[in-house]
Amino acid sequence: MISQEITINGKKYRLTLTDQVLSDVRRLKALYNAAYEDPESFDEVSSAISNTITQIAAAVEPPVSDSDLDGLIQAVMKAVDEKSKETEEAKAKHMEDKAKTSKKPSEKPKKSKK
């Protein structure tokens with residue numbers, strides 16, 4: 001778990017990035033995409049969007065005010081994106097390092113006798 005401080009409208013909030021928060025942010029993005037791609041379905045997904053936002057906001061201390069909620073959700077989504085990017089970069093570097101260490105040194109060419 002990683003804790004991060006977020007400042008919204010001059011107020012400081014503490015966010016703990018747990019697997020649940022990461023999952024909620026991914027779900028929220030999927031819901032936003034569904035509503036964007038099919039505006040007629042917005043009524044159907046708006047309740048799920050609201051519930052997911054409430055779950056994400058509950059992971060922040062102190063409790064967030066309604067006036068800060070939009071900015072907070074944007075900041076949380078950005079924090080999750082940055083963390084995901086760092087994780088992907090670390091995985092790629094690990095795989096690259098692993099590939100380098102697993103390669104056997106090539107044999108030196110034999111010298112021909114004259």
Side-chain angles (χ1 to χ4, degrees):
M1 290 190 293
I2 297 172
S3 291
Q4 186 170 352
E5 190 172 277
I6 298 173
T7 303
I8 307 294
N9 298 329
K11 298 175 190 166
K12 293 186 179 187
Y13 296 96
R14 189 175 62 252
L15 166 68
T16 303
L17 291 176
T18 62
D19 288 340
Q20 183 62 47
V21 172
L22 298 174
S23 175
D24 288 342
V25 168
R26 283 191 296 271
R27 181 169 190 250
L28 182 60
K29 286 181 179 185
L31 290 167
Y32 280 159
N33 286 337
Y36 178 77
E37 291 172 5
D38 183 12
E40 292 177 7
S41 72
F42 182 77
D43 289 339
E44 296 170 20
V45 296
S46 65
S47 175
I49 289 172
S50 178
N51 290 338
T52 305
I53 288 173
T54 301
Q55 288 176 321
I56 294 169
V60 177
E61 293 177 352
V64 64
S65 64
D66 288 343
S67 61
D68 294 338
L69 189 57
D70 184 53
L72 178 90
I73 294 299
Q74 290 178 24
V76 170
M77 291 174 84
K78 182 179 177 185
V80 168
D81 286 345
E82 289 171 359
K83 183 60 186 162
S84 295
K85 183 179 176 184
E86 287 174 15
T87 302
E88 289 302 316
E89 288 172 355
K91 282 181 184 177
K93 183 171 179 2
H94 175 73
M95 294 304 288
E96 186 178 297
D97 291 346
K98 189 176 179 181
K100 285 180 183 177
T101 59
S102 67
K103 286 184 181 177
K104 295 180 181 177
S106 59
E107 292 182 25
K108 294 181 182 179
K110 295 179 181 179
K111 293 183 182 179
S112 60
K113 295 181 182 180
K114 294 186 181 177

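This is a predicted model, so every value here is computed, not measured. Only this structure's heavy atoms are used, side chains among them; waters, hydrogens and symmetry mates stay out.
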Next item on the list: Would you check if I73 and I56 make a side-chain contact, meaning some heavy-atom pair closer than 4.5 Å?
Entry: yes
Next item on the list: With rounding to the nearest 0.5 Å, note down the distance linking CG in L72 to CG in L15.
Entry: 7.5 Å
Just distance, no hydrogens or angles: give the donor-acceptor pairs under 3.5 Å from side chains in residues 82-94, sequence neighbours left out.
from : atom 1 : to  : atom 2 : distance (Å)
S84  : OG     : V80 : O      : 3.0
T87  : OG1    : K83 : O      : 2.9
K93  : NZ     : D97 : OD2    : 3.2

Notebook entry, point to check: Under the side chain to side chain contact (heavy atoms under 4.5 Å, CB included) test, which residues partner Q20, sequence neighbours left out?
Noted result: T18, D24
Next item on the list: State which residues pass salt bridge (charged side-chain N to carboxylate O under 4.0 Å, His left out) with E96; sequence neighbours excluded, sorted by chain then number.
Entry: K100
Next item on the list: Could you pull out all residues at least two apart from K11 that satisfy salt bridge (charged side-chain N to carboxylate O under 4.0 Å, His left out)?
Entry: D68
Next item on the list: Looking only at non-hydrogen atoms, find the nearest pair between A57 and V64 and report the distance.
Entry: CB-CG1, 3.7 Å
Notebook entry, point to check: So do the side chains of I6 and V76 get within less than 4.5 Å of each other, counting heavy atoms only?
Noted result: yes
Note to self: If you compare all heavy atoms of A75 against all heavy atoms of I8, which two are closest, and at what distance to 0.1 Å?
What the structure shows: CB-CD1, 3.9 Å
List the atom pairs, with distances to 0.1 Å, where a side-chain N or O of residues 28-35 and a protein N or O form a donor-acceptor pair under 3.5 Å, not counting sequence neighbours.
from : atom 1 : to  : atom 2 : distance (Å)
K29  : NZ     : D81 : OD1    : 2.2
K29  : NZ     : D81 : OD2    : 3.1
N33  : ND2    : K29 : O      : 3.4

Item checked: side chain to side chain donor-acceptor pair (under 3.5 Å) against D66, all qualifying residues, sequence neighbours excluded -> none
Notebook entry, point to check: With sequence neighbours excluded, what pairs up with R14 under the salt bridge (charged side-chain N to carboxylate O under 4.0 Å, His left out) test?
Noted result: E61
Notebook entry, point to check: Of all residues at least two apart in sequence or in a different chain, which pass the side chain to side chain donor-acceptor pair (under 3.5 Å) check with D43?
Noted result: none
Check: Partners of E5 by salt bridge (charged side-chain N to carboxylate O under 4.0 Å, His left out), sequence neighbours excluded?
Finding: K12
Check: Any side chain to side chain donor-acceptor pair (under 3.5 Å) pairs touching residues 44-57, not counting sequence neighbours?
Finding: R27-T52
